[in-house]
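Working notes, structure below.
Every number for a ligand or one of its atoms is a count from 1 in the order of the listing. Below, all heavy atoms of this structure are taken into account, side chains as well, without hydrogens, waters or symmetry copies.
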Amino acid sequence: MKRAINFNAGPAAIPQEVLEKAQADMLDWKGTGMSVMEVSHRSKEYEELHNHAQASFKEIAGMGDEWKVIFLQGGASTQFALIPMNFLPEGGSADYLVTGHWSKTAVKEAKRFGKINTISSEKDGVFRSILKPGDIKVDQSSAYVHMTSNNTIFGTQWQDWPDVGSVPLVADMSSDIFSRPFPADRFSLVYAGAQKNLGPSGVVAMAVKEGFLAKAKEDLPSMFSYKVQQANNSLYNTPPCFSIYILDLTLDWIKKQGGLQGMQKVNEEKARILYEAIDSSGGYYDNPVEKASRSKMNVVFRLKSEELEEKFVKEAKAAGIIGVKGHRSVGGIRFSIYNANLVPNVQKSVDFMKDFQKRNG
Ligand SMILES: *Cc1c(COP(=O)(O)O)cnc(C)c1O
């Protein structure tokens with residue numbers, strides 16, 4: 001068996017330990033004589049897992065009793081619509097901090113539901129940095145402020161969290177959740193599609209403060225209502241049991257790595273190795289984003305021609321390094337070094353980069 005060095009942007013690498021546990025559990029999970037996919041979501045065994053995953057999420061994030069964890073379907077993209085549907089009151093407004101493709105998409109969906117103010121770091125059609133503190137002037141009467149903590153496509157990441165005054169802060173953390181400590185207290189709601197840092201696709205993990213959830217609208221279709229989802233402990237209908245199971249194992253794995261402090265240490269080391277290789281290449285590899293905004297999760301770079309980039313992707317694949325082609329909207333190369341990619345993978349890839357440059361200098 002040969003495991004790939006997997007830099008896919010999402011779905012992405014899952015810790016090998018998690019996959020091995022799932023493999024061992026497959027035919028007889030918890031002595032049920034069934035896989036987790038075959039048991040009732042109303043069974044004691046499943047409910048235990050479901051509640052354990054919620055508790056782990058809160059434990060890792062350092063979230064107290066005022067936080068509720070909800071599991072949802074439809075990906076982060078569905079939440080782009082459900083967040084304003086739930087939290088934008090009639091005649092109200094929300095502010096969106098726009099720092100990349102996904103925040104732009106969130107704005108597009110939110111505009112269907114009310115007045116959206118945007119503050120954007122886009123320049124000449126591209127995003128090369130996050131917003132500067134001085135640029136962030138939030139309307140204090142807004143229902144909430146929405147931000148994207150890491151910009152998966154452009155390779156930028158918030159380093160310091162924005163000051164939004166007393167307006168509830170909502171964050172799409174899909175591509176860097178649990179990669180580093182964050183001050184949960186400053187947020188009212190955080191959410192992430194699991195397929196980047198938390199496991200497989202098919203489930204969104206959302207944590208919301210009780211006080212903020214209390215403000216959500218009531219008259220919504222049940223499946224779209226965060227209040228209904230929470231009141232039913234995310235068991236209003238059949239949840240994505242298998243995705244939640246892998247999420248739960250991944251959360252256990254994160255705890256074993258030393259939680260968010262432990263993850264941060266490894267993630268900073270990976271990013272340091274990779275950016276150092278880029279910066280010491282004499283311009284052969286070029287990271288187009290502002291240094292202070294560089295992402296530690298998605299490292300993007302260009303080579304001097306598209307032909308050379310194509311060759312890079314092809315040869316990387318032949319060397320067992322998968323998923324390095326940049327997003328179709330921006331091109332170039334992208335290494336998504338999420339939590340499950342450990343230092344040796346990054347080290348081997350940097351060796352490949354140096355060798356490639358030597359051969360194609
Ligand atoms: C991948 C991604 C999304 C889209 O997630 P889906 O689950 O495919 O809808 C949204 N936001 C960010 C920051 C992402 O990285």
Side-chain angles (χ1 to χ4, degrees), residues 6-14 70-85 96-110 112 118 120-122 126-127 129-131 144-159 161-162 169-180 182 187 189-207 223-224 226 229 234 239-240 242-244 246-247 250 267 289 293-300 323-330 334-341:
N6 178 0
F7 292 123
N8 278 326
I14 290 178
I70 318 177
F71 299 133
L72 300 155
Q73 300 192 57
S77 300
T78 297
Q79 315 320 314
F80 293 164
L82 297 191
I83 286 165
M85 204 189 275
Y96 276 63
L97 307 181
V98 181
T99 51
H101 170 89
W102 293 113
S103 17
K104 254 178 135 168
T105 313
V107 168
K108 180 179 131 205
E109 297 298 326
R112 305 177 198 280
T118 59
S120 173
S121 63
E122 187 169 22
V126 292
F127 294 89
S129 68
I130 52 136
L131 286 159
Y144 63 88
V145 183
H146 183 280
M147 68 175 293
T148 314
S149 54
N150 180 73
N151 301 286
T152 325
I153 293 174
F154 289 95
T156 63
Q157 185 177 26
W158 287 83
Q159 314 295 330
W161 303 103
L169 183 57
V170 168
D172 173 5
M173 294 193 171
S174 292
S175 55
D176 70 347
I177 190 159
F178 293 175
S179 67
R180 55 176 174 171
F182 67 102
F187 298 85
L189 185 155
V190 302
Y191 66 103
Q195 69 271 21
K196 282 145 192 168
N197 251 344
L198 299 181
S201 61
V203 63
V204 170
M206 175 178 283
M223 281 299 291
F224 300 166
Y226 291 149
Q229 293 287 0
S234 311
F242 189 76
S243 295
I244 292 169
I246 300 287
L247 165 73
T250 307
N267 287 328
V289 313
S293 299
R294 282 176 164 182
S295 170
K296 295 188 173 78
M297 290 281 103
N298 307 96
V299 176
V300 297
V324 302
K325 194 172 159 56
H327 190 267
R328 53 190 147 63
S329 64
V330 294
R334 170 174 55 176
F335 283 24
S336 296
I337 49 173
Y338 299 129
N339 283 354
N341 267 305

Atoms of ligand 1 under 4.0 Å from any heavy atom of Thr148, numbered from 1 in the order shown, are 13 (C)

Numbered in order shown, the ligand 1 atoms found under 4.0 Å of a heavy atom of Lys196 are 1 (C), 2 (C), 3 (C), 14 (C), 15 (O)

| query | Would you say ligand 1 has an N or O under 3.5 Å from any N or O of Asn150? | reply | no

At under 4.0 Å between heavy atoms, what of Asn151 touches ligand 1? The answer is neither

Here the atoms of ligand 1 under 4.0 Å from any heavy atom belonging to Gly75 are 7 (O), 9 (O)

Heavy-atom closest pair (Thr152 atom, Ser175 atom, distance to 0.1 Å) is OG1-OG, 2.8 Å

>> If we count only N and O atoms by modelled type, under 3.5 Å, do the side chains of Thr156 and Asn151 hold a donor and an acceptor together?
In response: yes

The protein heavy atom nearest to atom 5 (O) of ligand 1 is Ala76 CB, 3.6 Å

- Message: Is it true that Ser293 and Ser129 share a donor-acceptor pair across their side chains at a distance under 3.5 Å?
- Response: no

- request: State, yes or no, whether a side-chain contact exists between Val98 and Glu122 at a heavy-atom distance under 4.5 Å.
  value: no

Logged contact type for Gln195 with ligand 1, heavy-atom cut-off 4.0 Å, is side chain

Ile246 and Pro200 have their tightest heavy-atom pair at CG2-CD, 3.5 Å

Open item on the list: Using side-chain heavy atoms (C-beta onward) and a distance below 4.5 Å, is Val204 in contact with Tyr191?
Closed with: yes

A student checking ligand 1 against Phe80 at a 4.0 Å heavy-atom cut-off should list atoms 10 (C), 11 (N)

Atom 15 (O) of ligand 1 sits nearest the protein heavy atom Thr152 OG1, 2.5 Å

**Asked** Is any side-chain heavy atom of Arg334 less than 4.5 Å from a side-chain heavy atom of Phe7?
**Response** no

Among non-hydrogen protein atoms, atom 9 (O) of ligand 1 lies closest to Ser77 OG, 2.5 Å

- Query: With a 4.5 Å heavy-atom cut-off, do Gln157 and Ser179 have their side chains touching?
  - Reply: yes

Note: Tyr191, heavy atoms under 4.0 Å from ligand 1, region reported as neither

When distances are taken from atom 11 (N) of ligand 1, the protein heavy atom at minimum range is Asp172 OD2, 2.6 Å

